[in-house]
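For reference, the structure is listed below as structure tokens.
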Amino acid sequence: MDYLDNLNEPQLEGVMNTGGPCMIIAGAGSGKTRVLTMRIAHLIKAKGVDPFHILALTFTNKAAKEMRDRIEGVVGNEARNIWMGTFHSIFARILRAEGGKLGYPGNFTIYDTEDSKSLIKSIVKEKGLDDKVYKPNTVLNRISAAKNRLVSWQEYLSNPIYLADDESAMKPEVGNIYRIYADRCFKASAMDFDDLLFNTNILFRDHLDVLNKYQQRFKYVLVDEFQDTNLSQYLITKKLAAVHQNICVVGDDAQSIYAFRGADIQNILNFEKDYADLRVIKLEQNYRSTQNIVEAANSVINKNRAQLKKNVWTQNTQGDLIEVIKATSDNEEGKLVASTIFEERMHHQLSYTDFAVLYRTNSQSRAIEEALRRNNVKYKIIGGLSFYQRKEIKDILAYLRFAINQHDEQALRRIINLPKRGIGPASVDKVVVAAYEHDMSIWEVLENIHSFISGRTANAIADFVTMIKAFKLEIERKDAFEAATHIAKNSGILRALYEDKTIEGLNRYENVQELLNAIKEYVDNPENEDKTLGAFLQEIALLTSVDQDNNEDNELVTLMTIHMAKGLEFKYIFVVGMEEDLFPSQMMLTSRADLEEERRLFYVAITRAKAKLYLSYALNRYRFGRLKNCEPSRFLEDIDPQFIKVNRLFKGSEANNFNPVGQVQGTHSRYAKNLVNSIRKTSGPTSQNYHKPGKDFIPSDTSGLTEGMKVEHAKFGFGVVTMMDNLGANRKAKVNFENFGEKTLLLSFAKLKIHDS
DNA sequence: TTTCTGTACTAATCA
DNA sequence: AGTACAGAAA
């Protein structure tokens with residue numbers, strides 16, 4: 001049993017005691033993943049448990065994959081059969097199989113946050129409400145919070161407390177928006193992220209046969225990062241484990257940082273009450289960090305009131321003191337971080353992969369990136385605007401989604417006029433109204449468009465429907481890669497991007513090629529059994545940002561938010577932007593609970609560091625394009641001063657000398673841009689040199705217009721027709737004007753008087 | 001219906 | 001510093 005070697009006593013206990021309910025409280029860096037993986041390996045290898053009977057829930061696909069790989073190292077191929085994945089992906093899988101009982105087809109779409117927000121936006125608009133009051137973000141958060149507490153729209157609308165809350169927030173219509181939102185999602189055969197958990201709860205509540213099936217199947221249930229579960233997730237796991245009672249949760253209350261999406265720290269604090277025979281194991285020895293870092297972290301977290309008693313300690317060396325860097329501006333902060341990374345790496349012969357820069361908000365990455373680039377330090381960013389959130393990628397994905405599910409309203413709105421095919425928002429509204437009036441689905445109206453509207457738009461819509469039907473067939477007959485390539489080409493999207501020869505256009509074209517490559521890779525990967533487009537879409541809909549990290553071996557500094565860094569470790573950690581209103585965020589200062597969550601976030605940041613921790617702040621920072629004064633964060637004072645080396649001072653010259661490129665920073669580009677704008681404003685034709693037509697100016701019928709005719713335009717004056725374009729829906733004429741040169745005019749709009757007969 | 005342009009607003013964290 | 005939106009012009 002060599003996999004049991006090198007485990008300390010509580011770790012061993014966590015691995016060996018596999019029967020009955022168990023909670024493992026694991027301090028930062030105490031080897032909790034190791035315990036969890038070895039526990040599963042032990043179940044399979046020593047206890048002879050069939051991997052099909054084990055359910056292990058994690059928060060990222062990456063964590064799941066890592067655990068699976070490590071288990072595979074002990075038990076071999078069998079590890080593939082464990083039900084292991086994120087809450088969302090496991091229950092999406094179950095809902096694909098069982099969702100029919102709730103009225104959802106197996107090919108339901110998963111709406112991402114952008115889809116949800118734009119749906120809410122259109123509902124607010126349709127109801128004629130003020131979109132300044134009903135901001136999509138606010139409304140969605142409210143709906144999301146309700147779903148995470150398992151409050152349906154019916155319960156929401158009949159609960160006087162919620163209604164009073166909304167009333168006092170001057171948003172009395174939120175409940176009704178929730179009702180319409182839920183209805184529209186259902187009609188679109190779509191579930192948002194919260195629905196995946198909400199509907200699983202409904203499924204298990206209303207269909208006991210289904211619940212029973214999965215209760216029998218999952219003899220062992222394990223949950224990682226338990227402190228981050230919300231009520232919805234908690235109830236699912238509790239229900240699934242109710243028959244066999246073999247539930248093991250692993251977590252650290254000090255690292256609970258997802259209250260904003262409904263995570264409830266009470267789940268971990270109250271777990272003991274739920275299970276009378278609960279075995280509690282505490283992992284308190286930290287193997288990751290130096291003594292200084294561990295104790296500095298302890299001194300911070302002790303400022304919080306709500307926590308379980310535990311004592312994290314380490315046998316590691318004392319290590320360096322924490323250093324605080326003070327910068328005058330966010331640009332200088334970036335520069336100091338870059339130069340420090342450069343020096344430390346040289347001095348200690350480290351790899352760039354040993355460094356990570358952590359920040360509170362994604363927008364802070366820009367200044368750091370710029371400085372790293374200037375100093376030729378290669379870096380990678382985790383999270384932020386990810387590949388799959390790019391517009392051109394989402395456009396293609398919307399086509400794929402719609403070809404699979406014609407009820408997907410958000411995908412339809414995205415693609416129906418992309419590339420431009422003459423179906424503008426006015427036409428889309430007509431279709432939606434028609435669908436509403438005749439109690440039909442939008443797709444049914446589109447299919448029979450000639451019974452509702454006529455003319456050019458109707459033809460364009462009919463062509464669109466024909467195209468989608470062809471794509472449908474393609475998907476049924478071919479694998480994901482062939483189908484996606486066909487759709488990208490025949491939808492006209494690829495061509496439109498190809499014709500855009502700007503740098504951004506080129507990039508976008510390459511991104512789409514990259515997406516197709518990714519699909520090819522997916523199809524070629526033998527681990528993926530289901531090679532349909534639907535399976536691929538499901539996979540990427542539930543990708544977590546940490547998962548999209550495919551160049552791990554390169555010499556790169558890692559940049560990410562503190563949230564993304566949870567569960568990771570680096571030798572050197574830089575936490576930047578240690579300023580009031582930024583970290584802690586000004587939005588978290590309203591209650592003690594919020595501030596404590598923010599402090600736990602700081603605790604997570606500190607405990608990522610193995611060898612050395614740098615904290616930095618700037619006295620001035622650009623926000624919304626304006627320079628703002630900043631104060632050092634209160635969290636700096638939370639650290640016991642004995643672990644801090646007080647302000648490491650950089651002389652201005654030292655920092656400047658480091659810059660090997662020596663470019664002038666600051667407002668230069670802004671200034672240049674303003675200059676260009678002002679030039680553009682003062683040049684070009686202004687209203688006074690436009691032609692003034694005589695009083696008898698009456699536009700002629702231009703249907704007989706031909707080349708060589710002399711015409712008068714209301715603004716451009718006299719000119720000669722040089723070329724006619726009678727092709728396509730819009731007739732165009734090229735006219736060479738005496739005072740304004742050659743212009744292309746759309747004849748359905750341009751008012752021309754013909755002076756040639 | 002489409003395209004261009006000025007401006008108003010924004011950025012908290014994630015699946 | 002970006003971008004989403006409204007309004008004008010074509």
Side-chain angles (χ1 to χ4, degrees), chain A residues 58-61 85-89 91-92 110-113 116 118 121 125 131-132 135-137 141 144 148 191-197 228 230 233 257-263 358-367 370 382-386 388-389 391 417 419-428 455-457 460 540-547 560-566 577 581-588 594 597-598 600-601 604-605 622-627 667 669-670 673 677 680-681 713-716 729-730 732-733 743-752:
Chain A
T58 61
F59 271 76
T60 64
N61 295 300
T86 63
F87 274 91
H88 289 87
S89 66
F91 296 117
I110 297 172
Y111 273 178
D112 66 13
T113 312
S116 300
S118 82
K121 203 185 239 176
K125 207 171 172 186
D131 58 357
K132 300 266 190 306
K135 291 186 181 153
N137 237 331
N141 282 341
S144 169
N148 287 329
M191 297 196 201
D192 66 16
F193 290 132
D194 303 314
D195 286 334
L196 294 173
L197 306 171
D228 290 328
N230 57 37
Q233 294 166 317
I257 54 174
Y258 282 105
F260 71 89
R261 72 173 201 222
L358 310 182
Y359 35 79
R360 178 68 236 269
T361 67
N362 280 306
S363 56
Q364 288 167 258
S365 71
R366 194 172 302 278
E370 204 169 300
I382 313 274
L385 220 189
S386 79
Y388 288 106
Q389 289 172 309
K391 186 188 171 296
N417 200 27
K420 299 273 148 63
R421 45 174 78 90
I423 311 171
S427 307
V428 174
R456 223 183 304 170
T457 316
I540 58 167
L542 297 174
L543 267 190
T544 53
S545 320
V546 211
D547 301 330
M560 62 186 142
T561 64
I562 304 169
H563 283 87
M564 304 257 58
K566 197 171 65 151
D581 289 350
L582 186 60
F583 192 27
S585 158
Q586 78 268 23
M587 308 184 87
M588 290 296 253
D594 282 348
E597 167 139 327
E598 209 66 355
R600 289 193 295 273
L601 191 58
V604 168
Y622 275 103
R623 280 182 114 177
F624 304 126
R626 282 180 185 285
L627 204 56
T667 55
S669 61
R670 244 182 302 278
K673 205 171 170 184
N677 278 338
R680 192 165 52 185
K681 266 179 198 160
H713 183 269
K715 263 188 183 167
F716 299 137
N730 299 313
K732 283 171 243 171
K743 302 240 175 233
T744 305
L745 305 173
L746 216 54
L747 291 177
S748 49
F749 291 101
K751 302 203 171 11
L752 290 176

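Lettering of chains follows the sequences in order, A, B, ..., and the numbering in each one begins at 1.
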>> Which residues pass the side chain to side chain donor-acceptor pair (under 3.5 Å) test with A:Ser89, not counting sequence neighbours?
In response: A:Thr86
> Which nucleotide, C:dA1, B:dT1, B:dA15, lies nearest any side-chain atom of A:Ser427?
Replying inline: B:dT1
> What does A:Arg360 touch in the nucleic acid at a heavy-atom separation under 4.0 angstrom: a base, only the sugar-phosphate, or nothing?
Replying inline: base
>> So if I take every side-chain heavy atom of A:Met587 and compare against B:dA12, B:dT2, B:dA15, which nucleotide ends up nearest?
In response: B:dA12
>> What's A:Lys135 touching, base or sugar-phosphate or nothing? Going by heavy atoms closer than 4.0 Å.
In response: sugar-phosphate
>> Going by the rule side chain to side chain donor-acceptor pair (under 3.5 Å), which residues pair with A:Ser365 if we only count those two or more places apart in sequence or in a different chain?
In response: A:Glu369
>> Using atom C1' in both nucleotides, what's the gap between C:dA6 and B:dA11 to the nearest angstrom?
In response: 23 Å
> Which part of the nucleic acid, if any, lies within contact of A:Ala426, taking any heavy atom under 4.0 Å across all strands shown: a base, the sugar-phosphate backbone alone, or nothing?
Replying inline: sugar-phosphate
> What residues, two or more places apart in sequence or in another chain, satisfy salt bridge (charged side-chain N to carboxylate O under 4.0 Å, His left out) together with A:Lys125?
Replying inline: none
>> Is any side-chain heavy atom of A:Arg261 closer than 4.5 Å to one of A:Asp228?
In response: no
>> Just the rounded figure in Å: distance from C1' of B:dC14 to CG of A:Leu542.
In response: 12 Å
>> On the nucleotide B:dC14, are OP1 or OP2 found under 4.0 Å from the side-chain N or O atoms that A:Thr561 carries?
In response: yes
> Is there ring stacking between A:Tyr258 and B:dT13, where the centres must be under 5.5 angstrom apart and the planes under 30 degrees?
Replying inline: no
> B:dA15 P sits how many Å from A:Ile257 CD1, rounded?
Replying inline: 11 Å
> Of the nucleotides B:dA15, C:dG2, B:dT10, which has the atom closest to the A:Arg366 side chain?
Replying inline: C:dG2
>> Strictly below 4.0 Å: does A:Lys132 bring a side-chain N or O up to OP1 or OP2 of B:dA8?
In response: no
> Out of B:dT2, B:dA12, B:dT10, which nucleotide sits closest to the side chain of A:Lys420?
Replying inline: B:dT2
>> Expressed as a whole number of angstroms, how long is the span from A:Glu598:CD to B:dT13:C1'?
In response: 8 Å
>> What is the separation between atom CD1 on A:Ile540 and atom C1' on B:dA15, rounded to the nearest whole Å?
In response: 14 Å
> Could you give the CZ-to-C1' distance, from A:Arg623 to B:dT10, as a whole number of Å?
Replying inline: 11 Å
> Which whole-number value in Å describes the distance from A:Glu370 CD to C:dG2 P?
Replying inline: 9 Å
> So, is A:Asn362 close to the B:dT13 phosphate, meaning a side-chain N or O under 4.0 Å from OP1 or OP2?
Replying inline: yes
>> Are the side chains of A:Gln233 and A:Phe59 in contact, using a 4.5 Å heavy-atom criterion?
In response: yes
>> I want to verify a distance call: between B:dT10, B:dA12, B:dC14, whose nearest atom is closest to the A:His563 side chain?
In response: B:dC14
>> Whole angstroms only, please: what is the CZ-P distance between A:Phe624 and C:dG2?
In response: 14 Å
>> My understanding is that only residues two or more places apart in sequence, or in another chain, count here; which of them pass side chain to side chain donor-acceptor pair (under 3.5 Å) with A:Asp112?
In response: A:Lys394
> To the nearest Å, how far apart are A:Asp581 CG and B:dT10 P?
Replying inline: 17 Å
>> Return whichever of A:Thr361 or A:Asn417 has its heavy-atom-nearest nucleotide of DNA chain B closer to the 5' end.
In response: A:Asn417
> Which atom names give the shortest non-hydrogen contact between A:Ser427 and A:Thr457, and what distance separates them?
Replying inline: OG-CG2, 3.2 Å
>> Need to verify one output field. Residue with the more 5' nearest nucleotide on DNA chain B, A:Arg421 or A:Asn141?
In response: A:Arg421
>> Suppose we screen for salt bridge (charged side-chain N to carboxylate O under 4.0 Å, His left out). Which residues come up paired with A:Asp194, at least two apart in sequence or across chains?
In response: none
Could you write out each protein N or O paired with an N or O of nucleotides 3-7 of chain C at a distance under 3.5 Å?
| from | atom 1 | to | atom 2 | distance (Å) |
| --- | --- | --- | --- | --- |
| C:dC5 | OP1 | A:Lys121 | NZ | 2.1 |

